[in-house]
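Notes to accompany the following structure.
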Amino acid sequence: MTLKLLDEFSGVGGSTEGATKVKGVEAKFAANHNVQAVESHAANHPTADHYLGDIQAIQDVGDYFPPCDLFWSSPACPAWTDARGVKRTFDKVNQLELWAEQPTEDELKAMRSRALMEEVVRYLRAMHDKGKPVLAGVVENVIQCRKWADWDRWIREIEALGYEVKVIAFNSMHAAPRSSRRAPQSRCRLYVGYWRKSLKRRPDWDKWLRPKAYCPRHDGVVDAVQVFKNPKTDMGRYRSQYVYQCPQTSCRGQVVEPGVLPAAAAIDWSIPGQRIGDRDKPLADKTIARIQAGLAKYARPITLEAAGNTFERRPGVRTWPVDAPITTQTTTATKALAIPPLLVPAGGTWRNEATPVTDVMGARTTRENDALVIPPLLVPVEGRDGKEASPADAPLRTQTTRNETGLAWLPFITPMRGGGDAEKARPVTDPLHAVTAGGNHHGLVAPPAAIDWETILVPYYGNGNARPVSEPIGTLSTRDRYAVVNGIADIDLDDVMFRMLEPAEIQAAMAFPSTYLVLPEAKRDKVRLLGNAVTPPVAEIIISALVEAITGEDLERAA
């Protein structure tokens, strides 16, 4: 069975790319007002017909758009977000009425943009009146759209046309598709899935929307359950408004963390950066402050709350450097220790375990390779307050239409063999050059680091006292019991490497394949189109659930 897809406000084509990964789905028609977006969409989906123009200007959308089985719509989102420094009014007034004074041109533009949500109902009604109803569809937008004063009325109009509706809050990093790439990006969005009541089948949302997660309480992998902190809420951001819990009743609502792909997966480590100290134009003060905060947080040991009440205002709030006082100790063991950096055996060696750089290095042979792992930082460079650097082993923050993320990392290993070396210098995140028997040929171009207090072992279960590593370790039980505590000296910011993310890296962070064509030549235009897109893996899993409901055929969850 072939299901034809109409993609309204299709942009560069992320929703089409994900939807057509589902067996039987074919791109039939796409519409957008931006010529660069339409050209890029057509280059990647040449079998679809395209409409270029303002959809609101069409008198009868049923005459312009063909009947389709599946309908994806992503009305413009900037007019909904409350992160633009503009006072929000869409939660209090209807589109163009009830204004106490004449709205400004910007306010009118924003209201016209928000009115694009009405285009969803307009097309559904047009097809219903023609006797060729859409079988199922999806509306995607930012989560703030849920606060719209006309939300309930809008949902009722869809239901009145013969549909059941599911409101979905989902973060792109949790989507595990069958065929698309995973997205190494934390991107919270609102999705409204709807399907014909006459199908007599409901989509199996649990099958497609519950991410895999490890539960430490019963030591098993589960299909995590989304739980909102406020039971009356159905929309919000991951961790802020909802978490995932283990579904086993014996675990009593244990909060679990779904597996994600780190931002490092999207970064091209072969692209060189520049020492901050060598830049012609200094970085902005706020960017420097974020780098400093990130290095303080991720380039030395930290203590953190790892059990008990772990809810927090935003990720990272409940972490502290080890040279700061430890927080109040309660009757429950809740505190943990995290220690970068590490020396990691990179294969071809009898050694299997990573070791901290504070330990004695393993014996050098003619074959061993070690990689020095120090988390690079992704640094917000826009001027807004409240932004923090994050490590590259965490998902990338939400990609917008502007390139506002820089990459900062510690320097590189350089070979010092006579006669040159074909591999030249390499970042510290790569494996070390081959170690030969002819001498020490490796130079670490990095800021000096030293232990500024004696390393100690600290028990973190039951009782016991900290002890220096010069003494025998205490009795080892069947559980991990001891943590190593040490420190790393301050890092000279001039020696930190820095560069902005390239469009290809942003494309990877959005989970588009590297072969996907984004046609504009200008970097700024590429970034804008990609930041406006839907991440393909989310489109794939939501459409998969709807296709199963339409056809009655089971799709395998994993390819």
Side-chain angles (χ1 to χ4, degrees), residues 5 7-9 14-15 18-19 21-22 25 70-75 77 80-81 117 120-121 124 134-148 151-152 154-156 158-159 163-178 180 182-183 185-197 199 201-213 223-245 247 258 260 398 511 533-550 555 557:
L5 170 75
D7 195 344
E8 187 179 56
F9 314 111
S15 41
K21 294 292 186 184
V22 182
V25 176
L70 292 165
F71 179 32
W72 186 288
S73 184
S74 297
C77 61
W80 294 101
T81 181
M117 290 286 284
V120 176
V121 178
L124 291 176
V134 172
L135 298 180
V138 183
V139 182
E140 179 265 353
N141 216 308
V142 293
I143 62 174
Q144 290 89 346
C145 182
R146 180 64 179 85
K147 300 175 182 177
W148 181 27
W151 176 267
D152 291 339
W154 181 77
I155 291 289
R156 285 196 301 270
I158 295 176
E159 293 173 334
Y163 296 96
E164 289 189 65
V165 173
K166 168 75 170 177
V167 178
I168 301 166
F170 201 76
N171 190 306
S172 292
M173 66 182 177
H174 294 145
R178 297 181 70 256
S180 304
R182 292 199 65 153
Q185 177 186 179
S186 180
R187 187 183 186 91
C188 289
R189 287 294 182 266
L190 171 152
Y191 302 90
V192 177
Y194 54 91
W195 59 98
R196 297 289 295 176
K197 296 176 184 176
L199 293 172
R201 285 184 294 269
R202 293 175 58 84
D204 188 350
W205 296 114
D206 286 349
K207 173 180 176 180
W208 295 99
L209 298 182
R210 288 173 58 177
K212 297 288 185 183
D223 294 323
V225 177
Q226 185 185 61
V227 178
F228 280 86
K229 298 176 184 180
N230 180 352
K232 297 180 180 179
T233 303
D234 62 5
M235 186 52 54
R237 297 188 183 280
Y238 175 57
R239 291 198 184 100
S240 297
Q241 279 79 42
Y242 71 88
V243 295
Y244 283 100
Q245 294 180 354
V260 297
T398 302
V534 172
T535 50
V538 182
E540 182 182 343
I541 63 173
I542 294 179
I543 291 295
S544 293
L546 294 173
V547 167
E548 283 186 333
I550 293 171
L555 296 174
R557 185 60 187 85

Anything under 30° is parallel, anything over 60° is perpendicular, the rest tilted; go ahead and classify Tyr244 against Tyr242.
-> perpendicular
Nearest heavy-atom contact between Arg201 and Ile550 is NH2-O, 2.8 Å
Using a 4.5 Å cut-off on heavy atoms from C-beta on, say whether the side chain of Val142 contacts that of Leu190.
-> no
Indicate the atoms forming the closest heavy-atom contact of Phe228 with Gly236, along with that distance.
-> CE2-N, 3.9 Å
Glu540 and Ser180: side-chain donor and acceptor closer than 3.5 Å?
-> yes
Pairwise side-chain contact, Val139 with Pro75, heavy-atom cut-off 4.5 Å (strictly under) = yes
Correct closest heavy-atom pair for Ala511 and Pro536 would be O-CG, 3.9 Å
Take Gln241 and Met235 through the side-chain contact (heavy atoms from CB on, under 4.5 Å) test and state the conclusion after the steps.
-> CA-CA 8 Å; Gln241 279 79 42; Met235 186 52 54; over 6 Å; no
Is the backbone of Leu555 close enough, under 3.5 Å, to the side chain of Lys207 for a donor and an acceptor to pair up by distance?
-> yes
Closest heavy-atom contact between Trp72 and Val534?
-> CZ2-CG1, 3.9 Å
From the options Lys212, Arg557, Arg210, select the one residue that forms a salt bridge (charged side-chain N to carboxylate O under 4.0 Å, His left out) with Asp223.
-> Lys212
Would you mind reporting whether Val138 and Leu546 have side-chain heavy atoms less than 4.5 Å apart?
-> yes
Between Trp154 and Val192, does a side-chain contact (heavy atoms from CB on, under 4.5 Å) hold up when you go through it step by step?
-> CA-CA 11 Å; Trp154 181 77; Val192 177; 4.2 Å; yes
Under the side-chain contact (heavy atoms from CB on, under 4.5 Å) criterion, do Tyr194 and Leu124 qualify, and how do the steps go?
-> CA-CA 11 Å; Tyr194 54 91; Leu124 291 176; 3.8 Å; yes
Any side-chain heavy atom of Arg237 sitting closer than 4.5 Å to one from Cys188?
-> yes
For residues Glu548 and Asp204, report the shortest heavy-atom separation together with the two atoms involved.
-> OE1-CB, 4.4 Å
Salt-bridge criterion met for Arg146 and Asp234 (N-O under 4.0 Å) | yes
Search all heavy atoms of Pro177 against all heavy atoms of Ala175 and return the closest pair with its distance.
-> CD-O, 3.2 Å
Beyond-backbone contact of Tyr191 with Val538, side-chain heavy atoms, under 4.5 angstrom | yes
Name the orientation class of the two ring planes belonging to Phe170 and His174 (parallel below 30°, tilted from 30 to 60°, perpendicular beyond 60°).
-> perpendicular
Check: Asn171 and Arg189 side chains under 4.5 Å, non-hydrogen atoms = no
